[in-house]
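Let me begin by presenting the structure, written as structure tokens, before commenting on it.
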Amino acid sequence: MDAVTLTRPNLALIAALLAAMSLPAQAQDRPDPRPEGDAPAAEAPVSGPAPVTFGLAGPFLAARMATVENDFQAAARFFVQAVAHDPDDRFLQDSALVALVSAGEIDRAVALATRIGSEGEPTELSRLIDRAKLVHSGDWTGLLADVGTPTDPDSEADLLAGMLRGWGLLGAGKASEALAEFERLARVEGVAPMVNYHLALARALVGDYEGAESLLADDLTGAHILGFTARAQILAQLERRDEAVAMIEAVPGVEAEPQLLALRDRIKAGQPVTFDVVKTPADGISQVFLTFASALVSSPDPEPLSLIHARLAAWLSPETAEARLMVAQILQERQQFDLAEPEYDALRRMGQMRPAAELARIDTLSRAGRTDEAGKAALSLTAAYPDLAQAWIALGDLLRQQEKFAQAVPAYDKALALLEGAPDDARWFPLYARGIALERSRQFDRAEADFLAAIEIRPNQASLLNYLGYSWIDRNENLDQALDLIKKAVELSPDDGYILDSLAWAYYRLGRYQEAVAPMEKAILTMSQDPLVNDHLGDIYWKVGRYREAEIQWQRALSLDPTETDDVDPDRLRAKLDRGLDAVLAEEAAGAVQTPAPAPQAANN
């Protein structure tokens, strides 16, 4: 279960928001700054912004480059400089606001939005930020005056303003009008579940727990992490604790939601439970922004508005863990790890570390090459949740990816001990992963046992069949059985270069050199940059008498800068180029390998 998805992807909601607001992304046709003095190409009147001076060109171009790279802090700095040079340009104003909010510099964005509104017609984005400022300061009268009355009671375009109006009326002490506004919005086609969630929160906040619970009981309205939490708290207020416990225990994936489990335990133990999903109307509006952020980030083409709404949600209600988590995850997705880390740190301080989110974070950090940070996150997760098998698997995977195979084995040992008695499908991958770590740390008997156990669970997992088959081939063991495993892997995944390489190498080890040529030549088409595959193809060519082609492949493998970690010995490659494969194999069999000195740095051939 996604810990931060508040609504199912709602295209009507997304369309409503996008129709109601335009962003600088829609103004990308604005010409790049042109140094003063450049004559236009024609004498025809030029529409749009006036020619831009040297002073603007630098920061504008730097800001656009930073925006492309999602470097929000740099983009904010340069767009603010650009606005200083051309303070009336609406494109620059909105671009600066997007960058400032995205970077988390909300106070500076508020100041700029206030200035834009005081000096002329506000932009849609500056108006949104102004409204957030009114909520933040508790100016409900000002907010209601700004959003006004509905222009079209049945229109989607009024959705965001209507949601703000509903919570604003509640903040102004007009509870009946607030509930009526939410009920009106719920009649708009396509948005009833999302609006009814807010109506339920508003009803609970004014003490109508029965009305709130009946709304949240609808899966379309309440089947998400905050909905489950709110409903459980409300059932506790109604002294329907058994229902609350049963509801939580029926939540799919609840074992990965420690906050829900802790709430269940408090309810089950008869401890006091308050309704605190929202404590104030400002919290309610924070959840409005979070709801819109959730819908936008779920859209087919997520864009800057998702992060803007999530940032505003977190600003209005810093203790709402879901808002901070969404900010962190969006920043992480955009490779802005330095901005995401403070949000994750805040969640840890709040005791709101979410295992599913942490596992995704560890994976993203690892893929981005930030292995030290990923390792620290994995260790923190195992410390916080020592009985969570997936945390130990994540730690083992990180160590294995760093080729710390012997250190990875105990992590997988712990995971598999925790998974004892679990369904087989939960065990096959850690068995496979531990088998790899054991094989690479030369504990072959244990590795083989793990591979065979994993294959018993997943007999059609091509990569698993290939790994065991290749490891046997590499050690010249069980060659016929290895060939059968690899042939099956090829049937399951016929275009996988690694598996084709294994098949060709199995034929090679069996002395079936002519049969090895075709699969190895197919493998090289997809793995031309792999030193080992080039080395293997060279050996096979040599054995079928294609000596010149063999030398070309060995030279190619050497040019790819192989190391021992590539399973290719550069000195052995040089020996084969110097004396031929047959001589090298004879020397190895006699235990007297001779390798030439490293070749001098010469021009590439």
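Keep in mind the model is a prediction, meaning the values are calculated, not measured. Atom set for the values below is all heavy atoms of this structure, side chains included, hydrogens, waters and symmetry mates excluded.
- Closest approach of Arg165 to Gly148, counting heavy atoms only: NE-O, 2.7 Å.
- In this structure, the side chain of Asp146 does not engage the main chain of Gly142 through any donor-acceptor pair within 3.5 Å.
- Between the side chain of Ser137 and the backbone N or O of Lys133, at least one donor-acceptor pair lies under 3.5 Å.
- For the side-chain contact (heavy atoms from CB on, under 4.5 Å) criterion with His309, the lone passing option out of Leu128, Val327, Ile330 is Leu128.
- Ring centroid separation for the pair Phe60 and His85 does not come in under the 6.0 Å cut-off.
- Ion pairing between a basic and an acidic side chain is recognised when a charged N comes within 4.0 Å of a carboxylate O; Glu249 and Lys268 show such pairing.
- Residues Arg131 and Arg127 are in side-chain contact: their nearest non-hydrogen atoms beyond the backbone lie under 4.5 Å apart.
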Exercise for the section: Show your working on side chain to side chain contact (heavy atoms under 4.5 Å, CB included) between Asp139 and Leu143 and close with a plain yes or no. Expected result: CA-CA 6 Å; Asp139 186 355; Leu143 176 67; over 6 Å; no
Practice task
Show the numbers, then the answer: is there a side chain to side chain donor-acceptor pair (under 3.5 Å) between Thr123 and Ser126?
Solution key: CA-CA 5 Å; Thr123 68; Ser126 71; 3.2 Å; yes
Exercise for the section: Step by step, work out the side chain to side chain contact (heavy atoms under 4.5 Å, CB included) result for Arg240 and Glu213. Expected result: CA-CA 11 Å; Arg240 293 160 59 184; Glu213 196 280 327; 3.6 Å; yes
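- More than 12 heavy atoms of other residues, nucleotides or ligands lie within 6.0 Å of CG in Asp345, so this atom counts as buried by the packing criterion.
- Leu235 CG to Phe275 CZ: the interatomic distance, rounded to the nearest 0.5 Å, is 11.5 Å.
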Problem - side chain to side chain contact (heavy atoms under 4.5 Å, CB included) between Phe292 and Ile308, intermediate numbers included - result: CA-CA 10 Å; Phe292 275 75; Ile308 289 167; over 6 Å; no
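- The backbone N or O of Lys279 lies less than 3.5 Å from no partner atom in the side chain of Asp276, so there is not a single donor-acceptor pair.
- The cationic group of Arg203 does not satisfy the cation-pi geometry with Tyr209, failing either the under 6.0 Å distance to the six-membered ring centre or the 45° limit from the ring axis.
- Residue Met350 places its CE atom among more than 12 non-hydrogen atoms of other residues, nucleotides or ligands, all under 6.0 Å distant.
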Practice task
Dump the intermediate steps for side chain to side chain contact (heavy atoms under 4.5 Å, CB included) on His198 and Val288, then the final yes or no.
Solution key: CA-CA 8 Å; His198 286 270; Val288 170; 3.6 Å; yes
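- Phe72 places a side-chain heavy atom less than 4.5 Å from the side chain of Arg334.
- For the atom pair CG of Leu199 and CG of Leu185, the computed distance is 10.0 Å after rounding to the nearest 0.5 Å.
- For the atom pair CD of Glu124 and CD1 of Ile129, the computed distance is 12.0 Å after rounding to the nearest 0.5 Å.
- With Asp89 contributing its side chain and Leu92 its backbone, the two residues share a donor-acceptor pair below 3.5 Å.
- Of the possible polar contacts, one joining the Thr280 side chain to the Asp283 backbone as a donor-acceptor pair under 3.5 Å is found.
- The 12-atom threshold is not exceeded at CZ of Arg367, counting heavy atoms of other residues, nucleotides or ligands nearer than 6.0 Å.
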Handout entry: Evaluation steps, side chain to side chain donor-acceptor pair (under 3.5 Å), between Tyr197 and Gln287
Key = CA-CA 10 Å; Tyr197 169 69; Gln287 291 220 21; 2.6 Å; yes
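- The shortest heavy-atom contact between Pro281 and Leu205 is N-CD2, 4.1 Å.
- Under the 6.0 Å cut-off for aromatic ring centres, Trp167 and Phe182 qualify, their centroids lying closer than that.
- Using a 4.0 Å cut-off between charged side-chain N and carboxylate O, Arg370 and Asp338 make a salt bridge.
- Closest heavy-atom contact between Pro59 and Ala82: CB-N, 4.1 Å.
- At a threshold of 4.5 Å between non-hydrogen side-chain atoms, the residues Met163 and Val195 count as touching.
- Side-chain contact check for Phe228 versus Leu226: every heavy-atom pair is 4.5 Å or farther apart.
- Scanning both residues, Ala96 and Leu112, for their nearest heavy atoms gives CB-CD2, 3.8 Å.
- Side-chain atoms of Ser286 come within 3.5 Å of backbone N or O of Ala313 as a donor-acceptor pair.
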Practice task
Just do the side chain to side chain donor-acceptor pair (under 3.5 Å) check on Tyr385 and Glu358 with the steps written out, would you?
Solution key: CA-CA 11 Å; Tyr385 298 102; Glu358 285 294 302; over 6 Å; no
Exercise for the section: Would you sort out whether Arg311 and Glu343 count as a salt bridge (charged side-chain N to carboxylate O under 4.0 Å, His left out), showing the intermediate values? Expected result: CA-CA 11 Å; Arg311 281 289 199 189; Glu343 304 303 321; 3.3 Å; yes
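- Taking the side chain as every heavy atom from C-beta outward, Val273 and Leu263 approach each other to under 4.5 Å.
- Between the side chain of Arg264 and the main chain of Val245, no donor-acceptor pair closer than 3.5 Å is present.
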Practice task
Could you walk me through whether Glu119 and Arg115 pass salt bridge (charged side-chain N to carboxylate O under 4.0 Å, His left out), step by step?
Solution key: CA-CA 6 Å; Glu119 294 179 355; Arg115 200 202 78 198; 3.5 Å; yes
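- Side-chain atoms of Gln93 come within 3.5 Å of backbone atoms of Pro87 as a donor-acceptor pair (strictly under, hydrogens ignored).
- Put simply, the side chain of Leu261 reaches to within 4.5 Å of the side chain of Val254, judged on heavy atoms.
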Exercise for the section: Check the pair Glu181 / Arg184 against salt bridge (charged side-chain N to carboxylate O under 4.0 Å, His left out), numbers first and verdict last. Expected result: CA-CA 5 Å; Glu181 178 65 9; Arg184 176 189 73 80; 2.7 Å; yes
Problem - Full working for salt bridge (charged side-chain N to carboxylate O under 4.0 Å, His left out) between Arg458 and Asp425 - result: CA-CA 8 Å; Arg458 286 288 185 95; Asp425 210 47; 3.0 Å; yes
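- Of all heavy-atom pairs between Ala76 and Leu100, the closest is CB-CD2, 3.8 Å.
- For the pair Arg90 (side chain) and Glu121 (backbone), a donor-acceptor distance under 3.5 Å is present.
- Separation of atoms CD1 (Ile285) and CG (Leu290) is listed at 13.5 Å; rounding is to 0.5 Å.
- Interatomic distance, Glu373 CD to Thr364 OG1, rounded to the nearest 0.5 Å: 12.0 Å.
- Between Glu341 and Lys376, none of the side-chain N atoms (NZ, or NE/NH1/NH2) sits under 4.0 Å from a carboxylate O, so this pair counts as no salt bridge.
- Between Val110 and Asp130 there is no side-chain heavy-atom pair separated by less than 4.5 Å.
- The closest donor-acceptor contact from the side chain of Gln335 to the backbone of Asn70 lies at 3.5 Å or more, if one exists at all.
- When all heavy atoms are compared, the tightest approach of Pro122 to Gly117 is CB-CA, 4.3 Å.
- Within 6.0 Å of atom CD in Glu333, 12 or fewer heavy atoms from other residues, nucleotides or ligands are found, so the atom counts as exposed in its surroundings.
- With contacts defined as side-chain heavy-atom distances shorter than 4.5 Å, the pair Val101/Trp315 does not qualify.
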